[in-house]
Amino acid sequence: MSRLSRRRWTSRIAMLLSMVATAFGLVILAAILWTLLSRGVAAISPELFYLDTPPPGVAGGLANALYGSAVMTLVALAIAAPLGVMAGTALAEFSGRSRVAAAAGFLNDVLLSAPSIVIGLFVYTAMVVPMGHFSAWAGAVSLVIIALPVIVRTTQDMLQLVPGSLREAAVALGTPRWRVVVSVVWRAASNGLLTGILLAYARVAGETAPLLFTALSNQYWNSDMNAPMASLPVVIFQFAMSPYDDWQRLAWAGAFIITLTILVINIGARALGTSKHS
Amino acid sequence: MKTSDSSAGTVADGPSMSGLGAAAGRPPRPARTRFGDRLFILLSRGSASLVVAVLGGVLVALALGALPALREFGPEFVWSDRWSPAKDLFGAAAPIYGTLVTSAIAMVIAVPLSFGIAIFLTELCPPPLRRPIGIAIELLAGIPSIIYGLWGFFVLAPIMQSTIQPALIATLGNLPGIGVLFKGAPYGVGMLTAGVVLAIMALPFITAVTRDVFATVPAMLREAAYGVGMTTWEVIRHIVIPYCRTGLVGGIMLGLGRALGETMAVTFVIGNSHRIAASLMAPATTISASIANEFTEATSPLYTASLIALGLILSVITFFVLGLAKWMIQRSTFH
């Protein structure tokens, strides 16, 4: 074989392998979604939405877990969204080339990928131990810590896309800086800010590890934020690892609901984030 | 964070506004405006400091919580492999070993796959397909870790047990040297399965960074390389990869940081055994899986403190790896 054809063949084989790698990634995604679809849809029934998690062998649903997940994620977002947007604004608008801000952005990115179980341990030692009991509040706080860096990062990125001439025009009219940010910069980047909040929701909705020893779980319906509260991911964890068939079915139903929600929000957030540029 | 009076006026410089705030001799602004600005900047800076405070708070709180265990066992805690709740004796060696080995397996699998996908997306993929395939790969990152755990336990582990592991034992298990890693019974769950699941989870992160740094290679370099008659593979191997070496390593470190700390997916498929075994197919445990499994059952204060000490070790390792990753990616994308 000539040298040239050997080089060509090496290149072709390398390119073939890269196609195989891509196909592998897509097949895995399809396999996971297929498993969820085939096992989850079969387990979906109306009772899921109005019966509480049952003892083994009794008909039941996931109502208390769905409610707990909804409450804790929404409370977490209600706290994390304003904090995150303000912090992202500080990094993008009020820092210039300050070293402190660069360090804060750096630490934010570390926190973005920090192991969620460690966040759970932190909230346990800092909140559950002093309070003396597990609570939905502690669960919500640990979710805040996970959502916060996502919102900070997206906000900072999105605000930096807003053209400087907009700010300069507003300042030239004598507008106070805070007004420039609120009525001009935030408004121009509103889709981007919403994207960040949605991505944070998608991230937080499936988190299990930080809830294990903060919100714990609860077999019954509970709407008291000061008491342990069930959540969908924790119930999935408990039920999937159990030997009972009906519990495992509920776990698959929950897994299907959670993944569907998260993928829809993920795709929606992406569409929102890119619609402005096109 | 300092917000003294003197800085309130001049620090208010957005990325594109340098010069505006510093302008000398501008007319004084009304007191109400100044107050509003100061309050707003204070609030936003306060929120930013909160992020920093949380990260510091995590380390401090874990260190305090781990103190009883560290005082009792001393530095030996890190390399002792006994883990006996009944006798109140704890050592972190087995979980640390499991964490490092599963993450190493994950990197061995995920790095070539991610590079392959990034090469496909940047060099080969027809433009209309680029976005959908890219999004599909990114969606892998959106799937929650508990779902990977379920899938790994109910779908992947049986496949590993029935076909892949027996095949590995029959082939690689007979080799001298590395054969030790592939001996023993096919349990299905264990370090190898956990490594495979972690590889799938780290894949979208490494792919995303790799794509981004590939995009920083100047078109002129590529074209010059093609111009002298290089093949596509040679351009990637000798031009693109050397050009973005730092960024690529950063991407790998980011994936590694994710894999080290991953909890729920691993908890399902690791087998939960505090034993250091030579075989990659043996059940084991990782730092995060030990915490997730045992924390609510920890009866003695020393048990709890030992698990918190594990958490402290994990956060120190991951914060270091992630910090390094971030630094390398940043250095590589701002040429």
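What you see below is based on every heavy atom in this structure, not just the backbone, and it leaves out hydrogens, waters and symmetry mates. Fair warning: this is a prediction, and the values are worked out from it, not measured in the lab. Residue numbers start from 1 in every chain, and the chains themselves are labelled A, B, ... in the order their sequence lines are given, proteins ahead of strands.
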Under a 4.5 Å cut-off applied to non-hydrogen side-chain atoms, are [X] and [Y] in contact?
{"X": "I267(A)", "Y": "L139(B)", "value": "yes"}
{"X": "L254(B)", "Y": "S113(A)", "value": "yes"}
{"X": "I117(A)", "Y": "M264(B)", "value": "no"}
{"X": "I117(B)", "Y": "S18(A)", "value": "no"}
{"X": "L33(A)", "Y": "W151(B)", "value": "no"}
{"X": "I236(B)", "Y": "M15(A)", "value": "yes"}
{"X": "R270(A)", "Y": "E138(B)", "value": "yes"}

Please classify the contact between [X] and chain B as side chain, backbone, both or neither, with a heavy-atom cut-off of under 4.5 Å.
{"X": "V181(A)", "value": "side chain"}
{"X": "A31(A)", "value": "both"}
{"X": "V110(A)", "value": "both"}
{"X": "Q248(A)", "value": "side chain"}
{"X": "L148(A)", "value": "side chain"}
{"X": "I262(A)", "value": "side chain"}
{"X": "R12(A)", "value": "neither"}
{"X": "N108(A)", "value": "both"}
{"X": "L199(A)", "value": "neither"}
{"X": "V182(A)", "value": "side chain"}
{"X": "L111(A)", "value": "both"}
{"X": "I13(A)", "value": "neither"}
{"X": "I258(A)", "value": "side chain"}
{"X": "F24(A)", "value": "side chain"}

State the CE-OG1 distance between M241(A) and T267(B), to the nearest 0.5 angstrom.
7.0 Å
One should read off an interatomic distance between L310(B) CG and L121(A) CG, to the nearest 0.5 angstrom, of 9.0 Å
So, does D37(B) use its side chain to make a donor-acceptor pair with the main chain of P176(A) at under 3.5 Å?
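No: the side chain of D37(B) does not pair with the backbone of P176(A).
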Looking at every non-hydrogen atom in both residues, tell me the closest pair between [X] and [Y] and how far apart they are.
{"X": "A61(B)", "Y": "T125(A)", "answer": "CB-OG1, 3.6 Å"}
{"X": "L26(A)", "Y": "A136(B)", "answer": "CD2-CB, 3.6 Å"}
{"X": "R45(B)", "Y": "A90(A)", "answer": "N-CB, 3.8 Å"}
{"X": "M230(B)", "Y": "R7(A)", "answer": "CA-NH2, 3.9 Å"}

Which of parallel (below 30°), tilted (30 to 60°) and perpendicular (above 60°) describes F268(B) and F237(A)?
perpendicular
In terms of ring plane angle, is the pair Y124(A) and F295(B) parallel, tilted or perpendicular, where the classes change at 30° and 60°?
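Correct class here is perpendicular.
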Excluding sequence neighbours, so at least two apart, what forms side chain to side chain contact (heavy atoms under 4.5 Å, CB included) with T296(B)?
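Residues passing side chain to side chain contact (heavy atoms under 4.5 Å, CB included) with T296(B): F213(A), L216(A).
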With respect to chain B, which residue among A114(A), P115(A), A202(A) yields the maximal number of heavy-atom pairs within a distance under 4.5 Å?
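Among the listed options, the one with the most contacts to chain B is P115(A).
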Taking L29(A), L212(A), L91(A) one by one, which has the highest count of heavy-atom pairs under 4.5 Å against chain B?
L29(A)
Using non-hydrogen atoms and a 4.5 Å limit, figure out which bit of V51(B) sits close to chain A: side chain, backbone, both or neither.
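Both parts, backbone and side chain.
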Any pair with a residue in residues 248-270 of chain A that passes ring pair (Phe, Tyr, Trp, His ring centres under 6.0 Å), sequence neighbours left out, goes on the list, sorted by first then second residue, please.
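Found W252(A)-F154(B).
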